Amino acid sequence: MTISVLICDDSAMARKQMARTLPKEWDVEITYATNGAEGLDAIRAGKGEVVFLDLNMPVMDGYEVLQTVQQNDLPALIIVVSGDIQIKAHERVKALGALDFIQKPVSADAISNILQEYGILTLTQKDQAEDTPMIKVDMRDACQEIANVAMGRAADLLAKLLDVFVLLPIPNVNVLEVSELTMALKATEESSTVSALCQGFIGAGVAGEALLLFHDSSFQDMAKLMGVANPEDKNTEIEVLIDTGNVLIGAFLNGISEQLDMKFSQAHPVVLGRHCTVNDLIHDNSEKWHRTLAMEINYRIENHNIQCDLLLLFTEDSIPTLSYKLGYLLD
C-alpha cells in the first residue's frame, strides 16, 4: 500500500537531499512543503502519514508544527530532520511527540534504519526515482543549507560548554557589496553598540574572514556563564569576546569544511572595534571587504541577555570553488 510522505523544509537543497535518500523500493507518494504552515495543510489533507520535518523555517517552525499536531491529535508520524543537534532540542521535539530525530546532512542508512526500527518501511519492486519531482536548487539556497548545518554544530558546542539552549535563526545568505554589509546585519539594532572580532580563514580555492559582533549588553551575562572572574572588568570583555569567537567561528568553519570536504586554516583573531556602532565598524574597515558572499547568523541564548552576530565573508574569488563543491552535493 502506498504511504503518503511529506518532506517539510524551507531549503530546496534539503528537500532534494531528503527525497533522494529515501529507500528506492519504498512505495510512497511524496509531497513537499516549504514551511510549517504548508506542512500542516498537507497533513490535514492526508498527505503526511510520515513526515520529515525541519525545525528552523519561516512562517511556522518545526516546534510549532509538532505542538499543533499534538494538540489536535493529527494523524502523522513525524521524524525531525535538523541541523540543530543540541541535546535540549532533541528533548523538546520528543516531548512534543516526534518519533525520532535525524541529524543533517541526512544519510540513506540513517533513514532506512529508523524506518525499519519503527516498522514503517514497506518495500515493493516499484522504482520511485521516476516519480520523484525535480527540485531546482540555486547556489544561494545551497549555501543557506550549508550554513544551517554549520550553525547547528556551533550552537551545540556552545550549549554544551555553557549548559544553555541556543536559539537559532534561519541563516541569511547573500552576495553583497561592501556598502550593503550594514544592511545585512538586520539583527543588530542601530542604537546598539558592539565589540567586534575578525578571524581570517583560507582553504583550497576559498578564503575569507569571519566577523563576530558581540552586543555590549551581553558581556556580563556571558562572563557569568563562562565562570570568568570580575565580569565587569574591561579585560574580561576581551577574554569573553575571544573565547566566544573561538567556539562559534571554529565550530562553524568545521561544519562547513566537513560538508564540502575541504580544510580551512585559521589566522589569529583580531579585535576590530570596541563599543562602536555597526556603521562605524564597517566604515573603519571598508578596505578589508569588497564584493563578498556573506553568511549571517544571529545567535541568542534562551533566558539570558546574550546576543551575537556571526558573519562569514567569502571573497568573490571563492565563489567558483564553492559552486563547484556544492555541485557534488546536488548531483
Side-chain angles (χ1 to χ4, degrees), residues 7 9-22 52-57 62 80-86 89-90 101-111 135-160 166 168-175 199-212 246-266 292-297 299 310-315 317-331:
I7 298 175
D9 198 304
D10 61 314
S11 166
M13 175 176 164
R15 295 194 299 274
K16 183 175 183 177
Q17 287 180 323
M18 186 69 241
R20 71 182 183 184
T21 56
L22 296 180
F52 295 97
L53 179 69
D54 186 29
L55 290 180
N56 296 329
M57 294 182 291
V80 170
V81 184
S82 176
D84 186 354
I85 57 175
Q86 297 177 77
H90 289 219
F101 187 105
I102 299 176
Q103 173 181 324
K104 287 184 175 182
V106 295
S107 71
D109 286 343
I111 297 296
I135 302 175
K136 293 183 179 180
V137 183
D138 59 25
M139 182 181 176
R140 181 181 177 279
D141 180 276
C143 285
Q144 183 168 308
E145 182 60 14
I146 292 292
N148 181 54
V149 172
M151 171 185 71
R153 299 285 194 279
D156 181 55
L157 180 56
L158 189 64
K160 288 176 178 175
V166 182
L168 298 180
I170 298 170
N172 187 33
V173 177
N174 285 293
V175 176
Q199 188 169 17
F201 59 88
I202 188 168
V206 176
E209 292 183 326
L211 180 65
L212 180 72
N246 285 337
V247 171
L248 292 181
I249 294 172
F252 195 95
L253 286 175
N254 284 339
I256 291 179
S257 66
E258 288 176 8
Q259 295 176 83
L260 299 183
D261 191 25
M262 63 188 308
K263 293 183 179 180
F264 292 119
S265 297
Q266 295 172 232
T292 178
L293 171 67
M295 297 180 178
E296 177 206 354
I297 298 94
Y299 288 97
L310 178 62
L311 195 67
L312 250 66
L313 307 173
F314 293 89
T315 62
D317 293 342
S318 302
I319 294 178
T321 300
L322 288 172
S323 297
Y324 176 76
K325 287 284 188 177
L326 288 168
Y328 281 100
L329 298 177
L330 300 178
D331 287 342

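Quick note: numbers below take in every heavy atom, side chains included, and nothing from hydrogens, waters or symmetry partners. Remember, it's a predicted structure, so these values are computed and weren't measured experimentally.
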> Quick one: are Met151 and Leu168 in side-chain contact, heavy atoms under 4.5 Å?
Replying inline: yes

>> For Lys104 and Glu145: C-alpha separation, side-chain torsions, deciding distance, then whether side chain to side chain contact (heavy atoms under 4.5 Å, CB included) applies.
In response: CA-CA 9 Å; Lys104 287 184 175 182; Glu145 182 60 14; 2.9 Å; yes

> What pair of heavy atoms forms the shortest contact from Leu326 to Cys143, and how long is it?
Replying inline: CD1-SG, 3.7 Å

> Do Leu260 and Leu322 have side-chain heavy atoms sitting under 4.5 Å apart?
Replying inline: yes

> What pair of heavy atoms forms the shortest contact from His90 to Ile85, and how long is it?
Replying inline: NE2-O, 3.8 Å

>> Measuring from atom OH of Tyr299 to atom CG of Leu158, what distance do you get when rounded to the nearest 0.5 angstrom?
In response: 8.5 Å

>> Please find the pair of heavy atoms, one from Glu296 and one from Leu311, that lie closest to each other, and give the distance.
In response: CB-CD1, 3.4 Å

>> Does Met262 form a side chain to side chain contact (heavy atoms under 4.5 Å, CB included) with Ile256? I'd like the steps, not just the answer.
In response: CA-CA 8 Å; Met262 63 188 308; Ile256 291 179; 5.9 Å; no

> What is the distance from atom CD1 of Ile111 to atom OG1 of Thr21, rounded to the nearest 0.5 Å?
Replying inline: 4.5 Å

> When rounded to the nearest 0.5 angstrom, what is the spacing between CG in Asn174 and CZ in Arg140?
Replying inline: 5.0 Å

>> Restricting to non-hydrogen atoms, name the atom on Pro320 and the atom on Asp317 that form the minimum distance, rounded to 0.1 Å.
In response: CD-O, 3.4 Å

> Looking at Ala210 and Ile249, what are the two nearest heavy atoms and their distance?
Replying inline: CB-CG2, 3.6 Å

>> Going by the rule salt bridge (charged side-chain N to carboxylate O under 4.0 Å, His left out), which residues pair with Lys160 if we only count those two or more places apart in sequence or in a different chain?
In response: Asp156

>> Could you report the tightest heavy-atom contact between Gly255 and Arg153, atom names first, then the distance?
In response: CA-CG, 4.2 Å

>> Would you say that Gln199 contacts Leu212 through its side chain, given a criterion of any heavy-atom pair below 4.5 Å between the two side chains?
In response: no

> Does the side chain of Leu22 come within less than 4.5 Å of Phe52's, by heavy atoms?
Replying inline: yes

> So Ser318 and Leu293, side chain to side chain contact (heavy atoms under 4.5 Å, CB included) or not? Walk me through it.
Replying inline: CA-CA 8 Å; Ser318 302; Leu293 171 67; over 6 Å; no

> Does Asp9 offer a backbone N or O that forms a donor-acceptor pair with the side chain of Arg15 under 3.5 Å?
Replying inline: yes

> Ile7 versus Val81: any side-chain heavy-atom pair under 4.5 Å?
Replying inline: no

> Does the pair Val149 and Glu258 meet the rule for a side chain to side chain contact (heavy atoms under 4.5 Å, CB included), with working shown?
Replying inline: CA-CA 10 Å; Val149 172; Glu258 288 176 8; over 6 Å; no

> Would you say the side chain of Met139 lies within less than 4.5 Å of the side chain of Val175, judging by non-hydrogen atoms?
Replying inline: no

> Got a second to check how far Phe101's CZ is from Asp84's CG, nearest 0.5 Å?
Replying inline: 6.0 Å

>> Could you check whether any side-chain heavy atom of Met18 comes within less than 4.5 Å of a side-chain heavy atom of Asp54, counting everything from C-beta outward?
In response: no

>> For the backbone of Ala12 and the side chain of Asp141, can you confirm whether one donor and one acceptor N or O come within less than 3.5 Å of each other?
In response: yes

> Rounded to the nearest 0.5 Å, what separation is found between the CD atom of Glu209 and the CG atom of Leu211?
Replying inline: 8.0 Å

>> Donor-acceptor pair, distance only, cut-off 3.5 Å: does the side chain of Gln86 make one with the backbone of Val166?
In response: yes

> OG1 of Thr321 to CD1 of Ile319: how many Å apart, nearest 0.5 Å?
Replying inline: 10.0 Å

>> According to ring-ring contact (aromatic ring centres under 6.0 Å, His included), who are the partners of Phe314, at least two apart in sequence or on a separate chain?
In response: Phe201

> With a 4.5 Å heavy-atom cut-off, do Asn56 and Pro169 have their side chains touching?
Replying inline: no

